[in-house]
Amino acid sequence: MRTSTFFVFLSLAISGVSAEVHAQAAGPASAPKQYPWDMRPKKCFMPGAMEMAPSLCAAKDWTSYAETTGRVQRLLIDADFDLVERAENELGFSRDQFPSGQYRFDAWYLALDTLFTNPWEQSYARASALAKAKGEDGYVKLAEALLRYGEAWKARGSGYGNTVTPEGWDIYRRKIREADQVLDSASDRLKRMGPWHLLKLRIAYQLPELESERAKLLEAASDAWPDYSSIYSTAMVFSLPKWGGTYEQVDEIAHLAVAKTRNRLGATLYPVVYQNMFRHQCDCVLPESRVDWDLMKRGFRDLEARRGADAEGWKAYANLACQMRDREEARRLLELSDKLRGRAAAEAPDPCREFAFSPT
């Protein structure tokens, strides 16, 4: 209860004013704060408004993954921690999914990841303000762990290992370990959520002392959140040859994703996790991997049956088919993309499209 509301209540109780008068005095102070993008008319916040005008008054705060991520970033930058806490509960601790199949909490996590793994003045200020506002509650520990993770990678740089200075390596290892320690100190409530498992995996695949724990951590994460594709694709990225792994290990993880979800999703996650891996600049090409192309195509069809991709998604999957020089499949996937795009837009010549639609 806010202090001002408490004193209104106390003074009214002492003076014997009726409960009805008290409700009128305290009512406006207890009205819910609106998100800055919420343009619903004031009448939508009156008692019974939702029942009378559901289409007008229904909240439309989290309609898509991309829009939600941007809105969370806006809240974090504005530092309105009442609204941040509300969004944290509606997203960060939600089990709901967007129509695309992505979890709400992943949009929340991406916003935190973007802000805190790129250390600069704003990041430190927001992390400090968040901790001051919430103590150690909610996602504070994960935000602090992301900040240390970002410090590690800033010192290391994004180049190959031989470009990193000895001091850079020292800072990288120290900060990765600090991130792990901070993450382990999080509440049990946070440790049950997908983002905690995901960051734990990212860290474990970079700490030599956690090598023996990686398989167990992946199993635990996929048991808790079997549909959370980022769990598998993160483990796949760090199992690539550039990280000391093998393509066999990469494909084993992709098959694990299918095994964990086959009864509900068929082979849907197989192409999803491979495509997620390619988004991370994996420095690899599909024909050199150990991909099961027949399973990949079955996954495309399961995705299609569930309407699980948009126009850009089908175009990305078509690029995988082009890498495999599967003209028929590339054409089919591009046609799915074109159907969703509707009117053709101007674009630069596309090598994949030229391959797919060439006569021979």
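From a predicted model like this one, the values you see are computed outputs, not experimental measurements. In what follows, every heavy atom counts, from backbone to side chain, and hydrogens, waters and symmetry copies are set aside. We count residues from 1, following the sequence as given.
The ring pair (Phe, Tyr, Trp, His ring centres under 6.0 Å) contacts involving residues 303-344 comprise Phe300-Tyr317, Trp314-Tyr317, where partners must be two or more places apart or lie in separate chains. For residues 157-213, no residue pair satisfies the disulfide (SG to SG under 2.5 Å) rule, not counting sequence neighbours. Sequence neighbours left out, the pairs with a member in residues 274-306 that pass disulfide (SG to SG under 2.5 Å) are Cys282-Cys284. Sorted by first and then second residue, the pairs that involve residues 165-189 and meet ring pair (Phe, Tyr, Trp, His ring centres under 6.0 Å), not counting sequence neighbours, are Trp153-Tyr172, Trp169-Tyr172. The list of disulfide (SG to SG under 2.5 Å) pairs with a residue in residues 37-155, not counting sequence neighbours, reads Cys44-Cys57. Listed by first then second residue, pairs satisfying salt bridge (Lys or Arg N to Asp or Glu O under 4.0 Å) with a partner in residues 91-117 read Asp113-Arg202, not counting sequence neighbours. Under the disulfide (SG to SG under 2.5 Å) criterion, no residue pair touches residues 106-212, with sequence neighbours excluded.
Atom CZ of Arg306 sits in a crowded spot, with more than 12 heavy atoms from other residues, nucleotides or ligands closer than 6.0 Å. Applying the 6.0 Å contact sphere to CD of Glu121 captures no more than 12 heavy atoms from other residues, nucleotides or ligands.
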Apply the test salt bridge (Lys or Arg N to Asp or Glu O under 4.0 Å) to residues Lys175 and Glu178: give CA-CA distance (whole Å), side-chain angles for both, the deciding distance (0.1 Å), then the verdict. CA-CA 5 Å; Lys175 288 297 179 177; Glu178 287 180 14; 3.1 Å; yes
Step by step, would you call Met46 with Met52 a side chain to side chain contact (heavy atoms under 4.5 Å, CB included)? CA-CA 10 Å; Met46 300 294 290; Met52 295 175 62; over 6 Å; no
Decide salt bridge (Lys or Arg N to Asp or Glu O under 4.0 Å) for Glu219 and Lys216; before the verdict, give the C-alpha distance in whole Å, the side-chain angles of both, and the deciding distance to 0.1 Å. CA-CA 5 Å; Glu219 189 70 23; Lys216 184 170 69 175; over 6 Å; no
Assess whether side chain to side chain contact (heavy atoms under 4.5 Å, CB included) is satisfied between Ser100 and Asp310, documenting all intermediate values. CA-CA 8 Å; Ser100 62; Asp310 58 14; over 6 Å; no
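Scanning for side-chain hydrogen bond (donor to acceptor under 3.5 Å, both in side chains) contacts around Trp243 gives an empty result, with sequence neighbours left out. Applying the side chain to side chain contact (heavy atoms under 4.5 Å, CB included) rule to Ala131 yields the partners Val140, Glu144; only residues at least two apart in sequence or on another chain are considered. Listed by chain and number, the residues in a salt bridge (Lys or Arg N to Asp or Glu O under 4.0 Å) with Glu248 are Arg290 (sequence neighbours excluded).
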Which atom pairs, one a donor and one an acceptor, fall under 3.5 Å between side chains of residues 70-79 and the rest of the protein, sequence neighbours left out?
| unit_1 | atom_1 | unit_2 | atom_2 | d |
| --- | --- | --- | --- | --- |
| Arg71 | NH1 | Lys60 | O | 3.2 |
| Arg71 | NH1 | Asp61 | O | 2.8 |

Under 3.5 Å, which donor-acceptor pairs do the side chains of residues 320-328 form with other protein atoms, sequence neighbours left out?
| unit_1 | atom_1 | unit_2 | atom_2 | d |
| --- | --- | --- | --- | --- |
| Gln323 | OE1 | Leu286 | N | 2.7 |
| Asp326 | OD1 | Glu329 | N | 3.1 |
| Asp326 | OD2 | Trp293 | NE1 | 2.9 |
| Asp326 | OD2 | Lys297 | NZ | 3.3 |
| Arg327 | NH1 | Phe355 | O | 2.6 |
| Arg327 | NH1 | Ser358 | OG | 2.6 |
| Arg327 | NH1 | Thr360 | O | 3.0 |
| Arg327 | NH2 | Thr360 | O | 3.0 |

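For the pair Phe81 and Lys132, the minimum side-chain heavy-atom distance is 4.5 Å or more. At least one side-chain heavy atom of Tyr109 sits under 4.5 Å from a side-chain heavy atom of Leu142.
You'll find the ring centres of Phe93 and Tyr139 inside the 6.0 Å limit. For an aromatic pair to be called close, the ring centres must be under 6.0 Å apart, and Tyr270 with Tyr274 satisfies this. Between Trp196 and Trp108, the ring centre distance reaches or exceeds 6.0 Å.
Taking every heavy atom of both residues into account, Phe105 and Ser94 meet most closely at CD2-O, 3.4 Å.
Separation of atoms CZ (Arg331) and CG (Asp338) is listed at 12.5 Å; rounding is to 0.5 Å. Rounded to the nearest 0.5 angstrom, Ile171 CD1 and Lys154 NZ are separated by 10.5 Å.
At a threshold of 4.0 Å, the pair Arg148-Glu151 does not count as salt-bridged, since none of the basic side-chain nitrogens sits closer than that to a carboxylate oxygen. Remark: Asp223 engages Lys260 in a salt bridge, criterion side-chain N to carboxylate O under 4.0 Å.
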